[in-house]
Participant: 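Okay, here's the structure, questions in a sec.
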Amino acid sequence: MESIQVSLQGKNSQALPKGISAKAAIEQLNGAVPPEVFAVKANGVEIDLLASLETDSTLQPLMFDSPEGKEIYRHSSTHIMAQAVKECFPTAQLTIGPAIEGGFFYDFAFERPFTPEDLEKIEARALDIIKRNLSVSRREFSKEEAIEFFKSRGEPYKVELIQGFPDGEPVSAYTQGDFVDLCRGPHLPATGYVKAFKLLNSAGAYWRGDERNPMLQRLYGTSFPSAEALQAHLDNLEEIKRRDHRKLGKDLDLFSIQDETGPGLILWHPKGAQIRLLIENFWREQHLANQYELVYSPHVARLDLWKTSGHVDFYKENMFTPMPVESSEYQLKPMNCPFHIMVYKTHLRSYRDLPIRYGELGTVYRYERSGVLHGLMRVRGFTQDDAHLFCRPDQLGEEVQKVLKFITSMLGTFGFTEFKMFLSTRPEKAVGTIDQWDQATLALETALKDGGYAYQEDPGEGVFYGPKIDVKIQDALGRSWQCSTVQIDFNNPERFGLTYVGEDGKTHQPIMIHRALLGSIERFFGILLEHFGGAFPAWLAPVQVMVLPISEKHQGYAQEVEKNLRREGCRVVLDLRNEKIGLKIREAEKAKVPFMIVVGDREAEAQMVAVRQRNGKNLGTMSIIDIVTLIREDMPEAVKKGSLLFE
RNA sequence: GCUGGCGUAGCUCAAUCGGUAGAGCAGCGGUUUUGUAAACCGCAGGUCGGAGGUUCAAUUCCUCUCGCCAGCUCCA
């Protein structure tokens with residue numbers, strides 16, 4: 001009998017008969033297959049546990065704890081859900097059903113949306129399929145056979161998918177009981193491997209993600225290897241709901257969005273505005289310290305400006321409708337760039353002047369389709385922490401490098417230290433020559449590499465005028481948010497005829513960098529709100545200290561304490577209401593005020609204050625100076641000093 | 001924009017199988033003078049998202065419309 005060399009993660013290599021199953025091979029090498037192993041990677045390729053090995057193989061068992069393992073587990077789970085749907089509703093047609101972050105979904109073509117009762121029924125059936133512990137087997141077809149097979153089963157969407165596959169390559173399908181689904185695999189060996197399964201919700205989705213295609217019914221679910229893990233996941237979803245910035249924004253009275261005002265337009269209430277002001281002040285301070293110059297620009301401008309910039313051609317569907325003014329048309333600004341360009345153009349610039357860095361907290365208005373608006377995260381009017389750098393080609397690399405440092409230190413100050421960087425390249429709809437694009441992309445790539453940043457490529461995701469680097473941050477709940485962006489632009493300098501005089505006395509064209517650190521103040525504020533769950537650190541808290549007198553006779557001393565704290569620059573509120581101390585504390589806790597000061601006879605006598613933190617911790621009695629120091633120490637270094645963030 | 005769900009007091013939520021609505025909290029007025037997460041009593045508060053229709057009668061049924069939520073698509 002022919003034999004092959006098989007090893008387990010590179011160790012215990014043994015000669016085993018060719019064609020042995022991965023499972024049997026592991027049994028030979030390891031004695032037994034641990035029950036939590038449900039698939040393997042053979043020479044880096046994921047295969048079924050029961051797949052046969054035909055060549056020398058290095059095996060790596062796959063379990064739920066690896067990303068690949070999770071995907072297989074969830075993929076099998078979605079097959080179970082699909083089987084349940086087919087059993088409950090035989091006329092539902094299968095389309096696609098992948099594993100996603102945190103679970104899986106499956107899209108069905110069905111004559112009506114699934115109701116909550118349907119979901120219960122489907123979930124019960126899925127649990128039954130798991131209980132039945134059906135074995136899952138792989139089968140390969142030729143493309144033609146597969147088409148015939150799925151035609152005969154009344155699955156036109158599957159047929160359409162297969163028709164798009166390359167000719168001549170085998171098509172695989174997986175069977176569990178009476179259920180057969182087109183699938184690349186691998187899968188769990190049997191349905192019973194799924195230990196905890198939950199159907200989450202249903203929603204509409206377009207076939208192949210195109211709104212011109214039929215609407216399908218999408219079911220979302222998740223699965224885990226234990227009931228505890230599933231519960232932990234559900235608890236996490238609850239926590240995300242609790243931290244929803246829309247809920248916190250209302251509870252903490254930070255902002256509102258009202259029907260009468262218009263969807264996607266934010267009203268900043270005093271406390272929210274206070275936090276925003278702190279963010280903005282810090283932002284301005286840092287920009288001035290880092291040799292940016294701050295400018296202001298109007299909210300509307302002649303439409304012609306946007307024709308020159310190319311926005312009318314490339315961005316029209318996201319712009320508000322222009323308004324007629326006298327004999328010309330004006331446009332609510334969707335971008336700040338043209339204004340900064342116009343400031344640049346007011347002088348003849350020398351190569352010695354460059355780089356020129358114009359920064360602005362510029363409010364822009366974009367028409368977003370009604371269905372996409374979402375609290376502060378996606379709005380129709382928002383303020384970009386925008387800047388445009390005009391530089392010489394030889395300065396490009398260094399400028400991008402500096403911006404990347406600025407990004408990481410700025411975001412770091414707000415408590416975000418996990419970054420993911422993405423390099424986006426030329427999209428289909430683009431301006432400029434391929435040569436310019438290559439040059440700009442190379443500059444970004446070099447800056448990323450020189451700075452030692454890990455990054456991922458995002459092909460075709462650049463802006464129409466140039467490639468970009470996007471930075472995503474991770475919040476306290478592990479979710480990713482895009483904030484910063486750095487974009488190179490050769491196009492606008494050309495469109496607007498920007499120049500500088502070089503050392504050679506001749507005219508040259510500067511390169512522009514568009515960049516934002518926080519992205520949009522509204523969105524960033526929403527992210528911060530969810531990140532901290534509303535409990536802002538003291539340096540950002542709208543109210544840092546509540547002074548709570550025990551009874552009316554302590555009001556005088558409380559007022560004195562309040563005045564002293566205010567004099568020291570603290571944001572302090574005095575609660576003089578005729579209420580018990582327990583209620584005042586409860587309400588200060590609910591408002592997530594970092595420090596509470598209780599004053600009664602003892603404190604007035606000693607000229608001290610009793611300090612309590614919002615987490616319930618009692619810090620005991622201290623002097624006013626002590627509490628002021630406590631608050632100051634809580635500030636990040638950069639905020640304390642108001643000095644350079646980098647260099 | 002599309003599919004589905006939902007709009008009742010400032011907030012969180014009830015109720016009415018068609019006969020114009022109720023609670024807690026918040027607010028206001030009292031009483032109480034309080035020691036680390038809710039004192040007590042009382043008062044007031046609503047064109048039941050908006051417009052039309054059906055009906056003797058609509059918050060309830062129908063149509064349209066606006067907004068919100070989930071998802072799709074898009075995105076800072």
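Only heavy atoms go into these numbers, but all of them, side chains included; no hydrogens, no water, no symmetry mates. Chain naming here is simple, since letters A, B, ... match the order of the sequence lines and numbering starts at 1 in each. From a predicted model like this one, the values you see are computed outputs, not experimental measurements.
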Participant: Nearest nucleotide by nearest heavy atom, which residue falls closer to the 5' end of RNA chain B, A:Phe114 or A:Gly264?
Facilitator: A:Phe114
Participant: Can you list the steps and then say if A:Phe464 with A:Asp313 is a side-chain contact (heavy atoms from CB on, under 4.5 Å)?
Facilitator: CA-CA 10 Å; A:Phe464 69 85; A:Asp313 288 340; over 6 Å; no
Participant: Reckon A:Ala588 touches a base, only the sugar-phosphate, or nothing at all at heavy-atom distances under 4.0 Å?
Facilitator: nothing
Participant: Measure the acute angle between the ring planes of A:Phe114 and A:Phe108, then classify it against the limits of 30° and 60° as parallel, tilted or perpendicular.
Facilitator: perpendicular
Participant: For the salt bridge (charged side-chain N to carboxylate O under 4.0 Å, His left out) test, which of A:Arg243, A:Arg479, A:Arg242, A:Lys247 pairs with A:Glu530?
Facilitator: A:Arg479
Participant: Classify the side-chain pair A:Thr621/A:Arg602 by whether it contains a donor and acceptor separated by less than 3.5 Å.
Facilitator: no
Participant: How does each nucleotide of nucleotides 9-14 of chain B score, in 5' to 3' order, for protein heavy atoms under 4.0 Å: base (B), sugar-phosphate only (S), or none (-)?
Facilitator: --SS--
Participant: What integer distance in Å separates A:Arg586:CZ from B:rC25:P?
Facilitator: 11 Å
Participant: Using a 4.0 Å heavy-atom cut-off across all strands, classify A:Gly582 as base, sugar-phosphate, or nothing.
Facilitator: sugar-phosphate
Participant: If we only count heavy atoms from C-beta on, is the A:Arg357 to A:Glu399 side-chain gap below 4.5 Å?
Facilitator: yes
Participant: Please determine, for B:rA38, whether a Watson-Crick or G-U wobble partner exists with both distances under 3.5 Å, and give it or none.
Facilitator: none
Participant: Does A:Asp634 use its side chain to pair, donor to acceptor, with the backbone of A:Ala538 at less than 3.5 Å?
Facilitator: yes
Participant: Within this structure, what is the CD-CE distance for the pair A:Glu603 and A:Met622, rounded to the nearest 0.5 Å?
Facilitator: 11.5 Å
Participant: To the nearest 0.5 Å, tell me how far A:Tyr465 OH sits from A:Ser309 OG.
Facilitator: 9.5 Å
Participant: Starting at the 5' end of RNA chain B, which residue's closest nucleotide do you reach first, A:Gly375 or A:Tyr367?
Facilitator: A:Tyr367
Participant: What's the CD-P distance between A:Glu579 and B:rG29, to the nearest Å?
Facilitator: 13 Å
Participant: Can any side-chain N or O of A:Arg125 pair as donor or acceptor with the backbone N or O of A:Val85 at less than 3.5 Å?
Facilitator: no
Participant: Please name the residue in the list A:Trp481, A:Phe416, A:Phe525 that meets the ring-ring contact (aromatic ring centres under 6.0 Å, His included) test with A:His531.
Facilitator: A:Phe416
Participant: Quick one: A:Met596 CE to B:rU36 P, roughly how many Å, whole number?
Facilitator: 14 Å
Participant: Between B:rC25 and B:rC64, how many Å separate the two C1' atoms, rounded to a whole number?
Facilitator: 37 Å
Participant: Do A:Thr408 and A:Tyr453 come within less than 4.5 Å of each other through their side chains, counting heavy atoms only?
Facilitator: yes
Participant: Taking pairing as Watson-Crick or G-U wobble with both contacts under 3.5 Å, can you name the mate of B:rC6, or confirm there isn't one?
Facilitator: B:rG67
Participant: Just the rounded figure in Å: distance from C1' of B:rU8 to CG of A:Asp259.
Facilitator: 16 Å
Participant: Distance check, P atoms only: B:rC61 and B:rC74, in whole angstrom units.
Facilitator: 37 Å
Participant: So, is A:Arg246 near the phosphate of B:rC69, with a side-chain N or O under 4.0 Å from OP1 or OP2?
Facilitator: yes
Participant: Under 4.0 Å between any heavy atoms, over every strand shown, what does A:Ile585 touch: base, sugar-phosphate, or nothing? Just pick one.
Facilitator: base
Participant: Under 4.0 Å from any atom of RNA chain B, heavy atoms only: list the residues of residues 547-555 of chain A that qualify, in numerical order.
Facilitator: A:Ile550, A:Ser551, A:Glu552
Participant: Treating A:Ser484 as the side-chain partner and A:Val471 as the backbone partner, does any N or O pair qualify as donor plus acceptor under 3.5 Å?
Facilitator: no
Participant: A:Lys580 has an atom NZ; how far is it from atom P of B:rG35, in whole Å?
Facilitator: 6 Å
Participant: In B/S/- notation, 5' to 3', how is nucleotides 71-76 of chain B contacted by protein heavy atoms closer than 4.0 Å?
Facilitator: BBBBBB
Participant: In plain terms, say whether A:Glu587 and A:Lys590 are close enough for a salt bridge, that is, a side-chain N and a carboxylate O under 4.0 Å apart.
Facilitator: no
Participant: Between atom CG in A:Leu373 and atom C1' in B:rG1, what is the gap in whole Å?
Facilitator: 11 Å
Participant: Please report the distance separating the C1' of B:rC68 from the corresponding atom of B:rG49, rounded so that it comes out in whole Å.
Facilitator: 10 Å
Participant: Whole-Å distance between B:rG4 P and A:Leu200 CG?
Facilitator: 22 Å
Participant: How close or far is atom C1' of B:rG27 from atom CZ of A:Arg577, stated in whole angstroms?
Facilitator: 12 Å
Participant: Work out how far the P atom of B:rA14 is from that of B:rG7, and round it to whole angstrom.
Facilitator: 9 Å
